[in-house]
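One structure below.
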Amino acid sequence: CFFFLMIRRPPRSTLFPYTTLFRSRYKKVFICEPIELEDDGVRTETSDEQVKIFRMLKDIYSDLGYNFIVVPNLSVEARVDMIKSKLKNG
């Protein structure tokens with residue numbers, strides 16, 4: 001979709017989602033470090049792919065000008081507490 005947008009402007013009726021995407025700014029961005037994978041039959045990424053996705057997310061948000069917060073590999077409860085604390089305290 002992004003490649004198409006760069007080559008040819010989409011019809012006006014379909015432009016709204018794209019312009020919103022590029023215009024939107026998040027107040028806070030959290031990126032969670034990868035956790036150890038479990039074979040649950042749902043996730044299809046390998047550990048290497050998971051790390052690659054994590055790095056890509058960091059690069060993309062950085063390129064978009066965001067100062068993101070990396071949430072370390074902690075228990076789910078500890079991650080939630082950290083995020084809540086960051087949201088509450090700015």
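Heavy-atom minimum distance, N73 versus P34: ND2-O, 3.3 Å. Taking each heavy atom of M82 and I69 in turn, the nearest pair found is CE-CG2, 3.9 Å.
With a 6.0 Å radius and a threshold of 12 heavy atoms from other residues, nucleotides or ligands, D59 has its CG atom above the threshold. Counting heavy-atom neighbours within 6.0 Å of F54 CZ, excluding the residue itself, gives a total above 12.
Here the straight-line distance linking atom CD1 of I31 with atom CD1 of I53 works out to 12.5 Å at 0.5 Å rounding. Here the CZ atom belonging to F68 is positioned 11.0 Å from the CD1 atom belonging to I60, to the nearest 0.5 angstrom. Atoms CG and SG, from L57 and C32 in turn, are 10.0 Å apart once rounded to the nearest 0.5 Å. Taken to the nearest 0.5 Å, the CD atom of E33 stands 7.0 Å off from the CZ atom of R79.
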For this session: Apply the test side chain to side chain contact (heavy atoms under 4.5 Å, CB included) to residues K52 and D48: give CA-CA distance (whole Å), side-chain angles for both, the deciding distance (0.1 Å), then the verdict.
Result: CA-CA 6 Å; K52 184 177 179 181; D48 289 340; over 6 Å; no
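By the 4.5 Å heavy-atom criterion applied to side chains, L87 and F30 are counted as neighbours. In this structure, K86 and V71 have side chains that are not in contact, with every pair of non-hydrogen atoms separated by 4.5 Å or more.
In this structure, Q50 contributes its side chain and I35 its backbone to a donor-acceptor pair below 3.5 Å.
By the criterion of side-chain heavy atoms lying less than 4.5 angstrom apart, applied directly or through intervening Ile, Leu, Val, Met, Phe, Trp or Tyr residues, V29 is grouped together with L64 in one hydrophobic cluster.
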